[in-house]
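Have a look at the structure below, then the notes.
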Amino acid sequence: MQTAEQCQKLYETLEKKINRNFALSASVCVHCGMCADSCHYYVATKDPKMSPAYKADKIRSLYKYRHDWLSRIAPFWTGARTLKTPEELEDLHDICWGSCTMCRRCTINCPMGVDMALLIRSGRAMLLAADSIPEGVKAVCKDQYEIGNQMGITRQDYLETIEWLSEEHANDVGDPRAEIPLDKKGANVMYVVNPREVKYAPLTLLAAAKIMYAAGESWTMPSEGWDNTNFGLFAGDDKLGGLMGQRLFEKAQELGVNKVVVSECGHGYRATRWEAPNWAKMDLHFPVESFLVTMSNYLREGRITLDPSRNKTRVTYHDPCNLGRSAGITEEPRALLKRCVADFVEMHPNRADNWCCSGGGGAMSMPEYNKRRLEAAIVKADQISATGAKIVATACHNCIDALEDLIRRYKLNMKTATVGELVAEALIWPKAAEEEEIFAIDGIEPVKLAPGEKRKKILVIDDEADVRTYLTTLFEDFGYETIEAADANQGMRMVKEYHPDLITLDIIMPKKTGIKFYWELRKEEKLTDIPVIIVTGFGEPEFPNVNFKKFITERKVPSPEGYVEKPIHRAELLKKVHDVLYV
Amino acid sequence: MSYESLVEFLKDEAQIAALSFMAVIYALKIWGIMKKNPIQDRTPNHGNPKEGVRYSFTVIAMPWEMQVYRDHPMKYIEFTIFHLAIAAAIASTFIIPYWPDVMLKSWIMLPSLLFIAAGFLCGLLRLIARLTSPAMRAFSVPDDYFSIILLNVYLISAMIAIPNSAATATDPMIWSIVLFFGLTAFFLIYVPFSKISHYLLWPFNRYYLGKHFGKRGVYPKNSAGLRAADL
Ligand code: SF4
Ligand code: SF4
């Protein structure tokens, strides 16, 4: 393409990219320079051309030349300009692709709130139209367009890998029936991954499988639309972004899953959860969740138990920019790490203020900028080595690659791990029945599970935390898996999400009573068969004259499978539960 | 036109005309931005957009929330004094024409002068930083230098004019009033075209940024700590 044609295409795209946010970010900068010290490129090099304001001006100046009144009359006065020469194009290419990871650290430190990533992504879109795109990025985009994933993994290779991993998983958990399900219709979760997990890091995928097995999750991987990464985000290519999203969302719809869970990939989660529905112009009828959230929910609901002593080495956590600064996921990984490692230490600054790993924005696919990237990485290297940790955990495969690169470059004595890998390492497996310490209460014995048989899942709904703890501990001791909800609304959400085998239900709860919950449950076609045992004081002290039993059945709904009065008689409750579930 | 009526004209009609001009240009500028498409977002909220907007507007009063001000608190003090001094100088352009004696009350005049002088010093520091820092020089354009010099001159003119708020046309110091109001009129006409118009665009940009980050649960930044309690 000739330079003139390139410039024309570039300007056409600029016009398409201008929306309200772009116009504001392109107009509001006061050149105060406050952002310089928030950018790792500038901090590491002190090169004036690496300050965010300088970089953003390369794009801003093109906008101003066409859209700002004063700039149109006196461009020199405001620094507005137009592109004409190959050198100027090359300069813009260098700035947009090679000197910004779109980490947005400068944005949250800018008093005016200039969205640097928005400007740079628009600049990349303009360059893409002008065919000024790094070879590495071009190749990845091509693979996503044509093959459907960023590493060009063929369908056959993918299916064979999943089959092999499925066998590994069964060995791993010692259950021949355990599997990595593929295209399982009606599963609760559709799990989508970064192709790196399939090609280079199967241990991460195995760790996820192990965690979901331990949690008794009903999940599946899709045979199509499985790549959660989306180079449309980095390349400024909304069309590719929409296409990748569409493939994934349509597969989720076809399988009828309740939610999509995105494996530990920063930009993959951001693109799938926040950007792709807009690019694809699709209204989703299922949530998109990060695996970090899924795991922390398992932990909170008691579906997995962790032993931190299994990970004794000191661990710190790096917040991927796309999770911490662009998706608001900062606490879930910490909640998990604090429960699965013995010595967790924060790096500073952290969360939304954390430094970029230096490999974001597609930088790992542009080897021509490796030298600059690794030079800028000294900021991160200093930050992580100051923690004294031996493992830097993160929730992004791109960050893992970048961190490993900088660990090698700066000779740090550290390793990397995903959060899931550390969680999987710390999992405490439910003991097989024969190994279980057998004890009995009034002749009631713990459930004896056949090898590989899954424990029955009981949802305990009670507003009193003490009662929940008491009941869940009792049920767990007797061989059941438990989840809990503190009110009826939360309970209903959990019923829909986890399909428990049995519910124990309190009656008097704030917000909504157990009676109302019961009526609603019995009305729901898919849920109506779930057995319910009411655990309450029928003569609730606050309502001595009210017959709650009558209330429950007054709407001509079937009676609950059992009533147990508080104070609870353990043997009576356990017998009732056993009879409902097994007899 | 007599000198006296020129002074009165500068203090009154010229200001009103310049202000009206500024208002029209600003209105057009905002209209130009608002007629551009807003970003359509169909994703469900993770955080609270309203909370995000609130945080986005108030973060400027929370220097501990921004790295540069955490690391360089003096920069924040400089920023605050400079902007408040300009606000004080602008406020005096409304007071002097109608209530000149108010400005002369020593409990108003002395603090105002001290404050504006401090603002001028901060402005000077900002100019020096722009001239001496290689990073600042790399992206500074004539409008940046002109705007900071203009504001510094404006602050000096305010300092000279305020003690002469009640000067009449025959007063030898009346030139200070002429200079101050002449500069104000120029200022009002130039500002909408220059980078100084940032204060008009600031609320819009911070609104959209706050909404965006609030929706995603990134803003308010410290809410992350609160959410942790639920886990
Ligand atoms: S901090 Fe914001 S306003 Fe200041 S120079 Fe940087 S981008 Fe521009
Ligand atoms: S987005 Fe990140 S890499 Fe880009 S200029 Fe800002 S701080 Fe630097």
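Quick note on labels: first sequence line is chain A, next is B, and so on, each numbered from 1. No hydrogens, no waters, no symmetry mates; every other heavy atom, side chains included, goes into these values.
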Checklist entry - Given the options Pro287(A), Gly33(A), Ala352(A), Pro111(A), which has more heavy-atom pairs under 4.5 Å with chain B than any of the others? => result Pro111(A)
Checklist entry - So which of Thr107(A), Ile108(A), Leu118(A) has the biggest tally of heavy-atom pairs under 4.5 Å with chain B? => result Ile108(A)
Item to check | Part of residues 117-128 of chain B lying next to chain A, heavy-atom separation under 4.5 Å | outcome: none
Next on the checklist: Quick check on Lys46(A) against chain B: is it the side chain, the backbone, both or neither that has a heavy atom closer than 4.5 Å?
Outcome noted: neither
Next on the checklist: A quick test of your reading: do over 12 heavy atoms of other residues, nucleotides or ligands sit less than 6.0 Å from NZ of Lys211(B)?
Outcome noted: no
Checklist entry - If you tally heavy-atom pairs under 4.5 Å against chain B, which of Val288(A), Val114(A), Asp68(A), Leu70(A) wins? => result Leu70(A)
Checklist entry - Hey, is NZ on Lys36(B) packed in by over 12 heavy atoms from elsewhere, all under 6.0 Å? => result yes
Checklist entry - With a 4.5 angstrom heavy-atom cut-off, which part of Asp41(B) approaches chain A: side chain, backbone, both or neither? => result both
Checklist entry - Relative to chain A, which segment of Ile148(B) carries a heavy atom at a distance below 4.5 Å: side chain, backbone, both, or neither? => result neither
Next on the checklist: With side chain to side chain contact (heavy atoms under 4.5 Å, CB included) as the test, pick out the partner of Asp353(A) among Met66(B), Lys221(B), Glu65(B).
Outcome noted: Lys221(B)
Checklist entry - Which atoms of Phe193(B) come close to chain A, meaning under 4.5 Å heavy atom to heavy atom: side chain ones, backbone ones, both, or neither? => result both
Item to check | Heavy-atom pair with the smallest gap, counting every atom of Arg206(B) and Cys110(A) | outcome: NH1-O, 3.1 Å
Checklist outcome for this item: Counting heavy-atom pairs under 4.5 Å with chain B, the top scorer among Cys32(A), Ser61(A), Ala36(A) is Cys32(A)
Checklist outcome for this item: Counting heavy-atom pairs under 4.5 Å with chain B, the top scorer among Ile73(A), Leu336(A), Asp283(A), Asp47(A) is Asp283(A)
Next on the checklist: For the CE atom of Met34(A) and the CE atom of Met136(B), what is their distance to the nearest 0.5 Å?
Outcome noted: 6.5 Å
Checklist entry - Within the distance-only criterion (no hydrogens, no angle test), does the side chain of Asp37(A) pair as donor or acceptor with the backbone N or O of Val68(B) below 3.5 angstrom? => result no
Next on the checklist: Can you tell me which portion of Phe76(A) sits under 4.5 Å from chain B's heavy atoms? Options are side chain, backbone, both or neither.
Outcome noted: both
Checklist outcome for this item: Checking heavy-atom separations under 4.5 Å from chain B, one finds in residues 270-280 of chain A Arg270(A), Arg273(A), Trp274(A), Glu275(A), Pro277(A), Asn278(A)
Item to check | Per-residue contact mode, Tyr69(B) against chain A (heavy atom under 4.5 angstrom) | outcome: side chain
Checklist entry - Is it the backbone or the side chain of Arg137(B) that comes under 4.5 Å from a heavy atom of chain A, or both, or neither? => result neither
Checklist entry - Side chain, backbone, both or neither: which part of Trp69(A) has a heavy atom under 4.5 Å from chain B? => result side chain
Checklist entry - Considering only heavy atoms, which portion of Phe57(B) lies under 4.5 Å from any heavy atom of chain A: side chain, backbone, both, or neither? => result neither
Checklist entry - What part of Ile33(B) lies closer than 4.5 angstrom to a heavy atom of chain A: side chain, backbone, both or neither? => result both
Item to check | Greater than 12 external heavy atoms within 6.0 Å of Lys29(B)'s NZ | outcome: yes
Next on the checklist: Counting heavy-atom pairs closer than 4.5 Å to chain B, which one of Asn21(A), Asp57(A), Asp115(A) comes out on top?
Outcome noted: Asn21(A)
Item to check | Residue pair Met34(B) / Arg20(A): nearest heavy atoms and the distance that separates them | outcome: O-NH2, 3.0 Å
Checklist entry - Which one of Pro38(B), Ala135(B), Ser140(B) has the most heavy-atom pairs closer than 4.5 Å to chain A? => result Pro38(B)
Checklist entry - Is chain A contacted by the side chain of Ile39(B), its backbone, both, or neither, given a heavy-atom distance below 4.5 Å? => result both
Next on the checklist: If I compare all heavy atoms of Gly79(A) with all of Val141(B), which pair ends up nearest, and what's the gap?
Outcome noted: CA-CG1, 3.6 Å
Checklist outcome for this item: Rounded to the nearest 0.5 Å, the NZ atom of Lys64(A) sits from the CG atom of Asp143(B) at a distance of 7.0 Å
Item to check | Which atoms of Ser71(A) approach chain B - backbone, side chain, both or neither, heavy atom under 4.5 Å | outcome: neither
Next on the checklist: Please report the interatomic distance CZ(Phe139(B)) to CZ(Arg60(A)), rounded to the nearest 0.5 Å.
Outcome noted: 9.0 Å
Item to check | Side chain / backbone / both / neither for Lys75(B) at chain A, heavy atoms under 4.5 Å | outcome: side chain
Item to check | Result of checking Trp202(B), Tyr207(B), Tyr208(B) against Leu24(A) for side chain to side chain contact (heavy atoms under 4.5 Å, CB included) | outcome: Tyr208(B)
Checklist entry - Hey, is the main chain of Ser326(A) close enough, under 3.5 Å, to the side chain of Arg216(B) for a donor-acceptor pair? => result yes
Checklist entry - Of the backbone (N, CA, C, O) and the side chain (C-beta and beyond), which part of Ser38(A) lies under 4.5 Å from a heavy atom of chain B, both, or neither? => result both
Checklist entry - Given that the side chain runs from C-beta out, which part of Ile30(B) has a heavy atom under 4.5 Å from chain A: side chain, backbone, both or neither? => result neither
Item to check | Gln40(B) versus chain A, the contacting section by heavy-atom distance below 4.5 Å | outcome: backbone
Item to check | Atom pair NE2 (His31(A)) and CZ (Arg130(B)), whose distance is rounded to the nearest 0.5 Å | outcome: 7.5 Å
Item to check | Segment of Asn109(A) engaging chain B (4.5 angstrom heavy-atom cut-off) | outcome: both
Next on the checklist: Heavy-atom cut-off 4.5 Å, strictly under: side chain, backbone, both or neither for Met50(A) against chain B?
Outcome noted: neither
Next on the checklist: Strictly distance-based, threshold 3.5 Å: is any side-chain N or O of Asn205(B) a donor or acceptor partner for the main-chain N or O of Met112(A)?
Outcome noted: yes
